[in-house]
Amino acid sequence: EETTDVFLESACFNPVWIRKTARRHGLNTDSSFRFERGCDPNNTLYVLKRAALLIRELAGGKISGKVQDVYPQPVADFEVELSIQKTQSLIGKKIDRETIRQILNSLEINIVSETDDILNLHIPTYRVDVRRDVDVIEDILRIYGYNNVEVSGELKSNLSYQTITDRAHKLQNLISDQLTGCGFSEIMNNSLTKISYYEHSQAYPLNNCVTLMNPLSADLSLMRQTLLFGGLESIAYNRNRRNVDLRFYEFGNCYFIDPEKVAQKADGNVLTGYSENMQLGIWMTGNKVTNNWAHPDEKMSVFELKSSVEAILLRLGIPQKLKVAEWQNEIFSAALQYTLGNGNIIGETGIISKNICKKFDIDSDVYFAQLNWSLVLKEAGKTKVRFSEIPKYPSVRRDLALLLDRKITFAEIEKIAHATEKKLLKQLSLFDVYEGKNLPEGKKSYAVSFILQSEEKTLTDNQIDKVMENLQHAFEQELAASLR
């Protein structure tokens, strides 16, 4: 009430600076809302005089000082070159030149000069949203009327063809149908994740994470390196609501940064060191069968997950190129790693460690597999489908019960068998594993079946016996195996 002198200032601020500052300090005001969307820099003097006149009119004030106008870098009208042909092409109708001129004049857009096809325009500074020729064309169409553009009676078409992206989507849908048919549910998690998941991780180091410069919250401050944690969040959410028997899968991008390449930036590209690839994650937990009158309750196992993963690879024609080896890190308590012949890791599958599950308040076993889907698609593209006739001659099955060291895996037996007999051996499978009484310490028994078949003739007993002798000898030599 004691105010006697008022100083008025009218200014125009940089929209980018206003938006960044408002976001940084969390101050979203009416002023920031307007300035960050752009204001007319040439309107400040008019606004200042208008405010002074209102004060004089409503509050009985007296204008005592002169106006001081500081405008070191005057903003000129925006210059746009408009093509009549492009205008008609985008709108989809031939609008005569005079109509276009009238619309531009009504919008206070000045036509500085013109040629047969080009109009050189000056856009008023208060039209901060009109900077390009397409913006002007949109305004012309808006005034002319969308309803005045008739639907053409012509049908234009071209030959369709399948691109690499189309093929990738087709294969993704194929595998989605396969997993859904096996009882899995598809999930979709946020690509943004918590920093706490990666702070002490060796498998997914924090310095390889892509960090957001202005995160909305601490829970959404990083781009994910793996699909694992998002899936565990989904499992925890479901388990807290009494949905404990779960099978999930997700296709999603994962993001990485190489700090050394980012520091170098030898090629001057700001994206150097950043990369992303598509991943497929699969989760299983809980019971396979629950409350069924015809079958006792049965828990899910990691071997079911393994079969689902290998069924996907088999569907895409990749298994013959793979090497499988046991693997373990802080994420998995036990796992298998799938590697291509060139050394690239295509995926892993195994049992999530208890420590990881405990962080998500999950007290049951969780089985997880992750495939590098970008690499899977690349390898699937190299696969050629070949057809062959149904065999005319019968197959023969022979079984061996092998006494082996406990550390030897079935994958080693499979590898040696295929290397020993490449022609007649069509299939082998493990149908029994025994450890316990009546076996030496540190030993186990594998019961393995072998399917032999010739495409040229019926196999004789002598041929079958010779093949089995060769297999038995190879197991003895390379695995120190003996028959039970």
Side-chain angles (χ1 to χ4, degrees), residues 301-303 306-307 309-311 313-314 317-328 334-350 379 383-384 386 388-484:
S301 73
V302 70
F303 299 105
K306 176 176 178 286
S307 68
V309 170
E310 294 183 354
L313 298 175
L314 180 63
I318 298 178
Q320 64 270 24
K321 308 173 186 177
L322 290 178
K323 296 179 181 177
V324 184
E326 290 188 9
W327 184 61
Q328 187 176 350
L336 293 176
Q337 191 174 72
Y338 298 90
T339 309
L340 294 171
N342 57 11
N344 290 331
I345 299 172
I346 203 169
E348 56 269 339
T349 178
E379 290 301 317
T383 302
K384 293 183 179 179
R386 292 183 174 87
S388 59
E389 294 182 7
I390 296 177
K392 298 178 181 178
Y393 305 99
S395 61
V396 178
R397 170 175 169 167
R398 291 290 186 271
D399 298 338
L400 288 180
L402 301 172
L403 189 62
L404 301 154
D405 189 271
R406 185 175 293 172
K407 296 181 180 180
I408 294 174
T409 63
F410 176 67
E412 295 177 73
I413 297 175
E414 193 173 24
K415 181 180 177 181
I416 293 171
H418 283 298
T420 303
E421 182 52 58
K422 299 178 180 179
K423 186 176 180 181
L424 299 180
L425 181 60
K426 302 301 180 183
Q427 182 182 347
L428 73 158
S429 59
L430 180 67
F431 64 90
D432 186 50
V433 178
Y434 176 72
E435 294 181 61
K437 292 183 178 180
N438 303 322
L439 289 184
E441 184 69 24
K443 296 288 184 177
K444 63 181 177 182
S445 174
Y446 275 167
V448 185
S449 67
F450 301 84
I451 305 297
L452 307 177
Q453 188 176 38
S454 173
E455 298 176 0
E456 301 171 354
K457 60 181 180 179
T458 301
L459 294 176
T460 64
D461 288 341
N462 290 335
Q463 289 176 309
I464 297 169
D465 292 341
K466 185 176 180 180
V467 170
M468 296 307 298
E469 287 176 7
N470 291 337
L471 290 172
Q472 181 180 339
H473 181 72
F475 296 143
E476 291 172 354
Q477 291 292 318
E478 300 190 36
L479 301 178
S482 59
L483 293 182
R484 284 188 67 195

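Taking CG of N342 as the start and NZ of K323 as the end, the distance is 9.0 Å to the nearest 0.5 Å.
Side-chain contact between F450 and L425 is present, with at least one heavy-atom pair separated by less than 4.5 Å. In this structure, V433 and S445 have side chains that are not in contact, with every pair of non-hydrogen atoms separated by 4.5 Å or more. In this structure, K384 and R386 have side chains that are in contact, with non-hydrogen atoms separated by less than 4.5 Å.
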For I413 and Y446, run side chain to side chain contact (heavy atoms under 4.5 Å, CB included): C-alpha distance rounded to whole Å, both residues' side-chain angles, the deciding distance at 0.1 Å, then the answer. CA-CA 10 Å; I413 297 175; Y446 275 167; 3.2 Å; yes
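Counting heavy-atom neighbours within 6.0 Å of F303 CZ, excluding the residue itself, gives a total of 12 or less.
Summarising the geometry of L340 relative to I346, their closest heavy-atom pair is CD2-CD1, 4.1 Å, with the distance given to 0.1 Å. Shown here for S454 and L459, the closest heavy-atom pair between the two residues is CB-CD2, 3.7 Å. Nearest heavy-atom pair, V309 versus Y338, reported as atom, atom and distance to 0.1 Å: CG1-CE1, 4.2 Å. Residue I345 comes nearest to Q337 through the heavy atom pair CD1-NE2, 3.6 Å, listed as atom of the first residue, atom of the second, then distance. Taking each heavy atom of P391 and Q453 in turn, the nearest pair found is CB-NE2, 3.3 Å.
A donor-acceptor contact shorter than 3.5 Å is absent between the side chain of E421 and the backbone of H418.
For the residue pair E456/Y393, the side-chain donor-acceptor check at 3.5 Å is not satisfied.
Looking at E455 and K426, a side-chain N of the basic residue comes within less than 4.0 Å of a carboxylate O on the acidic one, giving a salt bridge.
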Side chains of residues 399-410: which donor-acceptor partners sit under 3.5 Å, not counting sequence neighbours?
from : atom 1 : to   : atom 2 : distance (Å)
D399 : OD1    : R397 : NE     : 3.0
D399 : OD2    : R397 : NH2    : 3.4
D405 : OD1    : K407 : N      : 3.0
R406 : NE     : E435 : OE1    : 3.0
T409 : OG1    : E412 : OE2    : 3.4

Between side-chain atoms of residues 464-483 and protein atoms elsewhere (two or more places apart, or another chain), which donor-acceptor pairs fall under 3.5 Å?
from : atom 1 : to   : atom 2 : distance (Å)
N470 : ND2    : K466 : O      : 3.3
Q472 : NE2    : E476 : OE2    : 3.2

